[in-house]
Amino acid sequence: MVNTGAGGWETVIGLEVHTQLNTRTKLFCRCPNVFGGEPNTRVCPVCAGMPGALPVINSQAVRLALRAGLAMGCSVNRSSLFSRKSYFYPDLPNGYQTSQWEPPICSGGRVALRSGGHELGVRINRLHLENDAGKCLHAGDGPSLVDLNRAGTPLIEIVSEPDLRGPEEAVDFMRHLRRLLVYLGVTDGNMEEGSMRCDVNISLRRAGTEVYGTRAEIKNLNSFNSIMGASRHEQERQREILEAGGEVLQETRHYDPDTGLTRSMRSKEEAPDYRYFPCPDLPPVVLDASLIEEIRAGLPEAPEARQKRFEDALGLNVEEAAMLVDSPGLADYFEAALRGGAGAKRVATLILGGLLPECARRGLDWTEAGFSPERMGHTALMVDEGRVSLRTARELWAELMDGGLEVEVLAERKGLLQVSDATALEEAAREAVEANPAEAAAYRAGKTKLLAFFVGQVMKATRGAGNPALVNELLKKYLEG
Ligand code: ADP
Ligand code: MG
Ligand code: ZN
């Protein structure tokens, strides 16, 4: 789809996504890989960049990188190399980042996602392993301090081809990656803590032309809002330059979420500026075919596929399916509850319209609710079987969560057990018709919409406990028969 929203210009975007891996320890040493902590308490000679300290590659990081690469359809390079990428920054203790240059662990993949109502294929150029830098702490007027707790954290960098056509697609791609990588257990996906951040490369070209325009690269965006804001602003900035007959400079820019503006940081560096050379301290990463196959065989169903299955085979709508699938644990819970035999739609409704809102009210994560999938399945089944109405199940939700009583027991105590008993309902239906002769006559004369009025009467008489399908049927019998 050509995005000509920017007045005859097409926006072209490619992302470089940095993701922290969910490993126990750092990439080249045994310091714990955990967020935060007192500054400089998770540091050793290796991650502090002491001369002579030798790095050893973390095999768990290699496995997670492979998991991500295989799930994105990449080919795995049986032998890949770590190189030193030299640059100077105070939070980079070695004076270089240990990163993969050529060859990276994975190359050439493709992901498919839904964006703006259509299917979008995005080619992946490469995926490689590298270590994170530390953090500079700038406190007020005093000197800047360096915290090396984060230094050496394992990262994968995923580089897309410039296949994205606008800010919305860029955000959707990032959302897609985040969901996939969290699903795979590759990362915790916590963007506020910097677990996922990306660089947005963006350029404009005349709609309908092939050649890419000159791009700017906006560094280090760590929220969906910043990706959207930075690319929208950059798209406008470049359009103004191009329409005034000017030229976009190839440069690295910084985005300020407070002002919504990007500003130039430096002209873009090229690979030679980094003086990449193979790291003499690390042997090549050599992978057995059997390891690759083992990891491929262990991949879970991809979230896209799972969502599609929930929609197509189980009849959920897009929103329901997406909400359940967004959290792998919740999707598992849903599927476990289905084993109780209730309809999928019903189970979804009770999870999304009962369990989650009540947990939100209590400030609980749903996993803390202590509501087993078996009970969820049973509750849904009671609704399916007409023993309690959906409304009753929802109204009693708080009590269901607090006590151990099953929904039908609770409903019975409160006189809300649904009357499916034909005699009791028949009585109520007959009375409703007899007590409202004018409406009954109007109904018979063709105003069939009045059925709803009679249903209301019966519901009032049975305090909402009538099985709606049965009530409809009985009323029709009295009105028409
Ligand atoms: P570098 O490594 O120097 O940053 P690459 O050529 O590897 O450059 O590209 C980095 C990212 O920039 C990739 O995600 C790629 O898709 C994207 N990209 C390359 N050319 C363009 C362009 N003209 N417009 C937008 N994005 C681009
Ligand atoms: Mg780059
Ligand atoms: Zn260390």
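Atoms within a ligand are numbered from 1 in the order they appear, just like the ligands themselves.
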Side-chain heavy-atom pair Tyr212, Pro162 within 4.5 angstrom cut-off: yes
Between Val159 and ligand 1, which residue portion shows a heavy-atom distance shorter than 4.0 Å: side chain, backbone, both, or neither? side chain
Counting from 1, what ligand 1 atoms have a heavy atom of Val12 closer than 4.0 Å? 24 (N), 25 (C)
Going by heavy atoms in the side chains, are Met265 and Arg253 under 4.5 Å from each other? no
Decide whether a cation-pi geometry holds between Arg84 and Tyr276; the criteria are a distance under 6.0 Å from NZ or CZ to the six-membered ring centre and an angle within 45° of the ring axis. no
Measure the acute angle between the ring planes of Trp397 and Phe371, then classify it against the limits of 30° and 60° as parallel, tilted or perpendicular. tilted
With heavy atoms only and a cut-off of under 4.0 Å, state how Glu161 meets ligand 1: side chain, backbone, both or neither. backbone
For ligand 1, which part of Asn125 has a heavy atom less than 4.0 Å away: the side chain, the backbone, both, or neither? neither
Lys/Arg N to Asp/Glu carboxylate O, Arg362 vs Glu358, below 4.0 Å: yes
What atoms of ligand 1 come closer than 4.0 angstrom to any heavy atom of Leu15? 14 (O)
The angle formed at the Zn ion (ligand 3) by SG of Cys44 and SG of Cys29 is about (to 10 degrees) 110°
Could you check which of Ser160, Ala216, Pro162, Gly14 puts a non-hydrogen atom nearest to atom 13 (C) of ligand 1? Ser160
Working note: Asn22 + Thr187, criterion side chain to side chain donor-acceptor pair (under 3.5 Å); need CA distance, chi angles, decisive distance, verdict. CA-CA 5 Å; Asn22 241 340; Thr187 182; 5.8 Å; no
Gly213-ligand 1 polar pair, N/O distance under 3.5 Å: yes
Answer yes if the ring centres of Tyr96 and Tyr274 are under 6.0 angstrom apart, and no otherwise. no
Before signing off on this row, confirm whether Tyr212 and ligand 1 have an N or O atom pair separated by under 3.5 Å. no
Suppose you place the vertex at the Zn ion (ligand 3); what is the angle out to Cys47 SG and Cys31 SG, to 10°? 110°
